[in-house]
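Worksheet: the structure to be examined is printed underneath.
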Amino acid sequence: MAKGRIVVNELYCKGCELCTSVCPKDLIQIAVDRFTPKGYHPAELVDPEGACTGCAICSIICPDAAITVYRWVPADKVKIKV
Amino acid sequence: MTNKELVESLIYTKPEGLTSAVTHYCPGCTHGIAHRLLAEVIDEMGVREETIGIAPVGCAVFAYDYFNMDFAEAAHGRAPAMATGLKRVSPDKVVFTYQGDGDLASIGAGEILHAAGRGENITVIFINNAIYGMTGGQMAPTTLPGQRTTSTPLGRDVEMHGFPLRMCEILSQLDGAVYVVRRSLHNVANIRKAKKAIRQAFEVQRQGLGFSMVELLSSCPTNWGMSAAEALNWIEEHMLPAYPLGDYKVSPAISKHGGN
Ligand SMILES: Cc1ncc(C[n+]2csc(CCOP(=O)(O)OP(=O)(O)O)c2C)c(N)n1
Ligand code: SF4
Ligand code: SF4
């Protein structure tokens, strides 16, 4: 299984929770302990077991382009398009 | 020899076709998804320097601040008229309008009808969220029968307020329209299909074939009074039956673009 991770840019995230509802592994949560500069609770990846596959489904639904997705891929296949 | 060594690579990040601005759209509003898809398509086609967008009046009124490309702002409903002028004086540019259902289907009904009828070689991105978002959730021409809005608090009564306008069905009847399709932004699979349609519409324009429009069923969580996720479900349950997805006009002249 491919390995990946996401980074949520808290400048753009509005805490709409759409990404949390589409992650097939249920790895995204809303961080209720802090606020973004705009005053929202941001989404964050909670993935202690490294289960994120970098499938990018969360980034496809995010209305604010707040999610950057990385995936470990063989060096000869680095040009992957979502 | 192929190199199987694993490297961490970038799969997705905010497209260059969007500026670094934080949008004023409400959390979870699908205007943001539509903006992203447009920017991705324009980046992938490599036409950002040649593209001119036209912003509407409505929640997308500040779209010119969010797209990293040339933009003009039209008076309410007049984007197709402005697009007509821009495209006719600069036929090498890629010209698109971005319009809500109040902008396109009520005050701008005349402009869109005639732009399509004339077969203007422009692309229209039509955001159908069944309501006037910016002004506080009044009934739009696309509001569903029975739907509560601030101006139809008891629900849209077709006896009193008339029936919804189905713009794809109407515009596809016109000979000047060559690519008229309806897609939806309510889930990932449909967002992917919407992106392909936007790409196709721009390819149609690049091939000089005539008028293209992609209608996108969209959400307005704020004025519908729902969470972002509930609003996406509402599109699926209530809007899809009233506004069937599909290709309403694909002129035989359109040759499928490769890839994507
Ligand atoms: C000439 C004129 N008439 C009326 C208005 C008020 N007005 C502003 S936005 C709008 C409708 C917006 O609805 P829609 O096009 O569906 O876009 P949304 O906000 O839902 O994205 C209206 C009637 C205006 N700005 N100018
Ligand atoms: S979809 Fe985007 S804006 Fe919404 S909570 Fe997730 S990261 Fe934040
Ligand atoms: S009012 Fe509705 S259409 Fe306007 S930004 Fe908010 S959710 Fe989007």
Side-chain angles (χ1 to χ4, degrees), chain A residues 1-26 28 30 35-43 45 50 52-82, chain B residues 1-40 43-44 66-68 185-195 218-219 221-222 226-233 259-260:
Chain A
M1 200 53 112
K3 287 255 173 267
R5 71 184 168 100
I6 65 164
V7 176
V8 175
N9 185 330
E10 296 193 3
L11 178 62
Y12 298 116
C13 175
K14 293 175 183 161
C16 72
E17 304 186 21
L18 289 180
C19 54
T20 68
S21 67
V22 300
C23 174
K25 306 259 174 186
D26 213 3
I28 310 177
I30 295 297
F35 292 102
T36 69
K38 288 273 173 191
Y40 300 109
H41 290 306
L45 182 71
C52 174
T53 60
C55 69
I57 284 174
C58 53
S59 69
I60 294 173
I61 204 128
C62 176
D64 288 278
I67 302 178
T68 297
V69 183
Y70 299 93
R71 192 190 303 153
W72 290 88
V73 293
D76 56 350
K77 291 208 178 99
V78 283
K79 269 194 194 150
I80 290 195
K81 269 261 181 280
V82 187
Chain B
M1 269 283 286
T2 51
N3 188 352
K4 296 286 174 219
E5 189 195 337
L6 291 180
V7 289
E8 190 177 52
S9 52
L10 180 65
I11 301 297
Y12 185 85
T13 196
K14 190 174 164 80
E16 285 184 11
L18 294 176
T19 65
S20 59
V22 178
T23 73
H24 71 289
Y25 299 118
C26 304
C29 171
T30 52
H31 267 303
I33 299 178
H35 281 32
R36 252 192 39 230
L37 297 185
L38 268 160
E40 287 168 23
D43 284 355
E44 285 163 21
Y66 306 148
F67 285 99
N68 187 14
L185 301 177
H186 72 278
N187 62 24
V188 169
N190 280 279
I191 292 168
R192 285 196 164 112
K193 289 181 190 158
K195 181 174 173 182
S218 295
S219 70
T222 299
M226 302 174 194
S227 72
E230 285 165 352
L232 296 189
N233 289 336
N260 198 43

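Everything numeric in this text was worked out from a predicted model, so none of it was measured. Proteins get letters first, then strands, A, B, ... in listed order; numbering begins at 1 in each.
Residues Pro27(B) and Cys16(A) approach most closely at C-CB, 3.7 Å, considering heavy atoms. The minimum heavy-atom distance linking Ser9(B) with Val73(A) is given by the pair OG-CG2, 3.1 Å. For the pair Ile11(B) and Ala56(A), the tightest heavy-atom approach, listed with the atom from each and the gap, is CG2-CB, 4.1 Å.
Contacts between Ala39(B) and chain A at a heavy-atom distance below 4.5 Å are absent for every atom of the residue. Proximity to chain B (any heavy atom under 4.5 Å) is shown, for Lys3(A), by neither the backbone nor the side chain. In this structure, chain A has heavy atoms under 4.5 Å from both the backbone and the side chain of Thr23(B). Contacts between Tyr66(B) and chain A at a heavy-atom distance below 4.5 Å are absent for every atom of the residue. For a residue to count as touching a neighbouring chain, one of its non-hydrogen atoms must lie under 4.5 Å from one of that chain's; by this rule Leu37(B) does not touch chain A. Contacts between Leu6(B) and chain A at a heavy-atom distance below 4.5 Å involve backbone atoms as well as side-chain atoms.
Taking CD1 of Ile60(A) as the start and CG of Leu185(B) as the end, the distance is 12.5 Å to the nearest 0.5 Å. Rounding to the nearest 0.5 Å places OH of Tyr12(B) at 14.0 Å from SG of Cys55(A). Distance check, rounded to the nearest 0.5 Å: NZ of Lys14(A) to NE2 of His24(B) gives 8.0 Å.
Chain B is approached within less than 4.5 Å, heavy atom to heavy atom, by Ile61(A), Cys62(A), Pro63(A), Asp64(A), Ala65(A), Ile67(A), Thr68(A), Val69(A), Tyr70(A) from residues 61-70 of chain A, ordered by number.
When Ala229(B), Pro221(B), Pro15(B), Ala228(B) are compared by the number of non-hydrogen pairs under 4.5 Å with chain A, Ala228(B) comes out ahead.
Without hydrogens or angle criteria, Tyr12(A) side chain to Ser20(B) main chain gives a donor-acceptor distance under 3.5 Å. Formation of a donor-acceptor pair under 3.5 Å by the Arg36(B) side chain with backbone atoms of Ser59(A) is found in this model.
Between Val22(B) and Leu11(A) there is a side-chain heavy-atom pair separated by less than 4.5 Å.
Counting non-hydrogen atoms of neighbouring residues, nucleotides and ligands closer than 6.0 angstrom, the CD atom of Glu8(B) exceeds 12 such neighbours.
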